[in-house]
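Every chain is numbered from 1 and lettered A, B, ... according to where its sequence line falls, protein lines coming before strand lines. Atom set for the values below is all heavy atoms of this structure, side chains included, hydrogens, waters and symmetry mates excluded.
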Number of protein chains: 2
Amino acid sequence: MPITLAGFGSYHAGGRRLTVTGAPVEPIRFTADTPPFPFDPNGEYRVEQAYGQWFEPVPRRPGAPPVVLLHGGGMTGAMWETTPDGRPGWLWQLLAAGFPVHVIDQVERGRAGFNATPEPWPGRPLTRTAQEAWSLFRIGPPAGYATRTPYPGSRFPVAGFDRLVAQFVPRWTATADAQAGALVAVLAEVDRRHGPAVLVCHSQGGAAAFRVLAARPDLLAGIVALEPSGFPDPPGLGTAAMDVPIAFVMGDFLDTDPLWSGLSRRVDEAVRRLAMRGLPAIRIDLPDLGYPGTTHMMMMEIGTDFLYEIRPFS
Amino acid sequence: MPITLAGFGSYHAGGRRLTVTGAPVEPIRFTADTPPFPFDPNGEYRVEQAYGQWFEPVPRRPGAPPVVLLHGGGMTGAMWETTPDGRPGWLWQLLAAGFPVHVIDQVERGRAGFNATPEPWPGRPLTRTAQEAWSLFRIGPPAGYATRTPYPGSRFPVAGFDRLVAQFVPRWTATADAQAGALVAVLAEVDRRHGPAVLVCHSQGGAAAFRVLAARPDLLAGIVALEPSGFPDPPGLGTAAMDVPIAFVMGDFLDTDPLWSGLSRRVDEAVRRLAMRGLPAIRIDLPDLGYPGTTHMMMMEIGTDFLYEIRPFS
């Protein structure tokens, strides 16, 4: 089914100006056909911004909030576009359903750019191996990697696994503050264009999402946290956060990995502590909802239309 | 005016598998809420792929070739989306005119990802300063940077200059071979979906574009080279390249910078040498076409509809 867009575009939001002085000039060649050029790294840079690409469908579903799609660690907004087996991803599906969508590349990833100035971030960038993704995303047991044998009943499109690996980008582990700050700026931009957002965050994206819940709940119409690896801090939440419904969504096979069984307990604890303070939080286990076989990459999987069973998408 | 899309999606094309062994395992924390995790960098990676985001408008203009938009050095595909002063960019305009469009993030940039494995690329990534962009892109004289005073008559939307700077990403100078290889893979993907492409390349993007002209002219319906900093090698071109029309497009203020006056002479030489071998190449100087005041960032400027005077866009 075709979709019609009233508008489309992108922006960079947040970040800060960085001025470098005292660094040596060095000759470089931009291409083989250009003469040596004196590259002077001294001057002004913009760093720690996030990138947002927005799509506004017509007709917009009546009352539909904008949806912000925030990837997890080592990924970019590309993860929402096309599934590894070539089907239209959640971005297309949400537009077809009439939701304005903003797809984010967080600080350091994708079109947001990373800081490679003479005053770079601490630490170094890390890239996930295919093997780590195979097991950490719970596609299959480590021993199944070589033959691409997933867990029995897995919904992940295993034949496209290498296309998922091609999406991986490096990540730093010391950029959490910058990411939380840029996400506030992104959501202010979303609010300006389309109103308070439902923030759909995945995995490491949850860390920044819940910091926004504390800092600027007015920018949020809800949070759908897909297996987040960051959690809210209920004592740090003001009364405005009580108007923000939160759904934690968990896939299958959580007991196969100690990291995930631990995070699963953290989700339970978060829901309990939020409920004690009167915040509307729920945990959804996809197997209970009729979607067994879902992995950490649930948004790419086969027959996983569960988003449409969650407010406000239902 | 709204646009209607029959399809939309993305892919990663080209690149190679890289296997790392013998690197030390180290504990990392993915987020503040996760326990230390033994990050093992040994395993398989995919590196040196490019990213393509495609849009297929309906109706497609009869006979319209797909258009590939290829950024220059230190930029990503975001440069074609929204101009620094917030107007719809060439991507939107081409879709509205009925051309399928593929927007590329080249190897190392944006959603293509960069190689940060334990066997990284040689050299280090460089980021352009705002000052360098101001003068190298011929927005204005170096002395005009502080007050944002452009060359007289400049069409660049100067009030949005900082939004242009926010788009900059780091670049390596040793990835030319990988970029040329990935661009062939991208164009094969474009061909499979939409046919041979008109490749619109900017600046450093020209280096890879003209290598594709030599390697796989069958994938090209034409090249529009916007102030390229790479050039064709006529003796290296086969007869199939003679069917590929080439337009070199140059902006104003070329005499203000020795790099650009030199590249301008290279363009003249390229056109002459291509013509001697019977290849259909032309040089278009935008001031002569009625667009004085154009800079290196001509695709973002005010009142620069020149693309529609060039085949096949006219």
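Using modelled atom types and a 3.5 Å distance limit, the side chains of B:T175 and B:E108 yield a donor-acceptor pair.
If you measure heavy-atom distances from B:L5 to chain A, the contacts under 4.5 Å come from both the backbone and the side chain. With a threshold of 4.5 angstrom between heavy atoms, A:Q49 approaches chain B through side-chain atoms but not through N, CA, C or O. In this structure, no portion of B:E48 lies under 4.5 Å from any heavy atom of chain A. Looking at B:L136, only its side chain comes within 4.5 Å of chain A, counting heavy atoms on both sides. Proximity to chain B (any heavy atom under 4.5 Å) is restricted, for A:W172, to the side chain, taken from C-beta onward. Heavy-atom distances place the side chain of A:L91, and not its backbone, under 4.5 Å from chain B. If you measure heavy-atom distances from A:P88 to chain B, you find no contacts under 4.5 Å at all. Neither the backbone nor the side chain of A:Y11 has a heavy atom closer than 4.5 Å to any heavy atom of chain B. Residue A:E132 touches chain B through its side chain alone, counting heavy-atom pairs closer than 4.5 Å. For chain A, the nearby parts of B:A166 are the backbone and the side chain; heavy atoms of each come within less than 4.5 Å.
Between the A:D105 side chain and the A:G77 main chain, a donor and an acceptor come within less than 3.5 Å of each other. Not a single donor-acceptor pair under 3.5 Å links the side chain of A:S264 to the backbone N or O of A:W260. Looking at B:T31, its side chain does come within 3.5 Å of a backbone N or O of A:S229 through a donor-acceptor pair. Distance alone, capped at 3.5 Å, is enough to place a donor-acceptor pair between the A:H202 side chain and the A:H296 backbone. A donor-acceptor pair under 3.5 Å links the side-chain atoms of A:N115 to the main chain of A:E119, judged by distance alone. The backbone N or O of B:F55 sits nowhere less than 3.5 Å from a side-chain atom of B:H102 that would complete a donor-acceptor pair.
For chain B, the option among A:T4, A:V58, A:T129, A:T82 with the highest count of heavy-atom pairs below 4.5 Å is A:T129. Of the residues considered (B:R163, B:H12, B:R46, B:R124), B:H12 shows the highest number of contacts with chain A, using heavy-atom pairs under 4.5 Å. Between chain A and the residues B:R128, B:E81, B:R109, the most heavy-atom pairs under 4.5 angstrom are made by B:E81. The choice from A:A32, A:G89, A:P120, A:S10 that makes the most heavy-atom pairs within less than 4.5 Å of chain B is A:S10. The candidate from B:P170, B:G72, B:A112, B:G230 with the greatest count of non-hydrogen atom pairs under 4.5 Å with chain A is B:P170. Of all the listed residues (A:D40, A:T83, A:I3, A:N42), the one sharing the greatest number of non-hydrogen pairs under 4.5 Å with chain B is A:I3. Across B:G206, B:G262, B:A207, B:P125, the residue that shares the most heavy-atom pairs under 4.5 angstrom with chain A is B:P125. Ranked by heavy-atom pairs under 4.5 Å with chain A, the first of B:M75, B:R171, B:E56 is B:R171. Among A:G9, A:A116, A:G113, the residue making the largest number of heavy-atom pairs under 4.5 Å with chain B is A:A116. If you tally non-hydrogen atom pairs under 4.5 Å between each of A:V165, A:L126, A:V47 and chain B, the highest count goes to A:L126. Put simply, of B:A6, B:A78, B:A130, the one with the most heavy-atom pairs under 4.5 Å next to chain A is B:A78.
In this structure, the side chains of B:W80 and B:W92 stay at 4.5 Å or more apart for every pair of heavy atoms.
In this structure, A:W134 has its ring center under 6.0 Å from that of A:F161. Ring-centre distance between A:F39 and A:F30: not below the 6.0 Å cut-off. Taking the six-membered ring where the residue is Trp, the centroids of A:F210 and A:F231 are separated by 6.0 Å or more.
In this structure, OG1 in B:T173 is found 11.5 Å from CH2 in B:W121, a value given to the nearest 0.5 Å. With values rounded to the nearest 0.5 angstrom, B:L69 atom CG is found 8.0 Å from B:I104 atom CD1.
The residues A:E189 and A:R193 are annotated as salt-bridged, a charged nitrogen and a carboxylate oxygen being separated by less than 4.0 angstrom. A salt bridge between B:D233 and B:R211 is absent, with no side-chain N of the basic residue lying under 4.0 Å from a carboxylate O of the acidic one. One finds no salt bridge joining B:R266 and B:D268 here, because no Lys/Arg side-chain nitrogen approaches an Asp/Glu carboxylate oxygen to under 4.0 Å.
Scanning residues 15-23 of chain B against chain A with a 4.5 Å non-hydrogen threshold yields B:R17, sorted by number.
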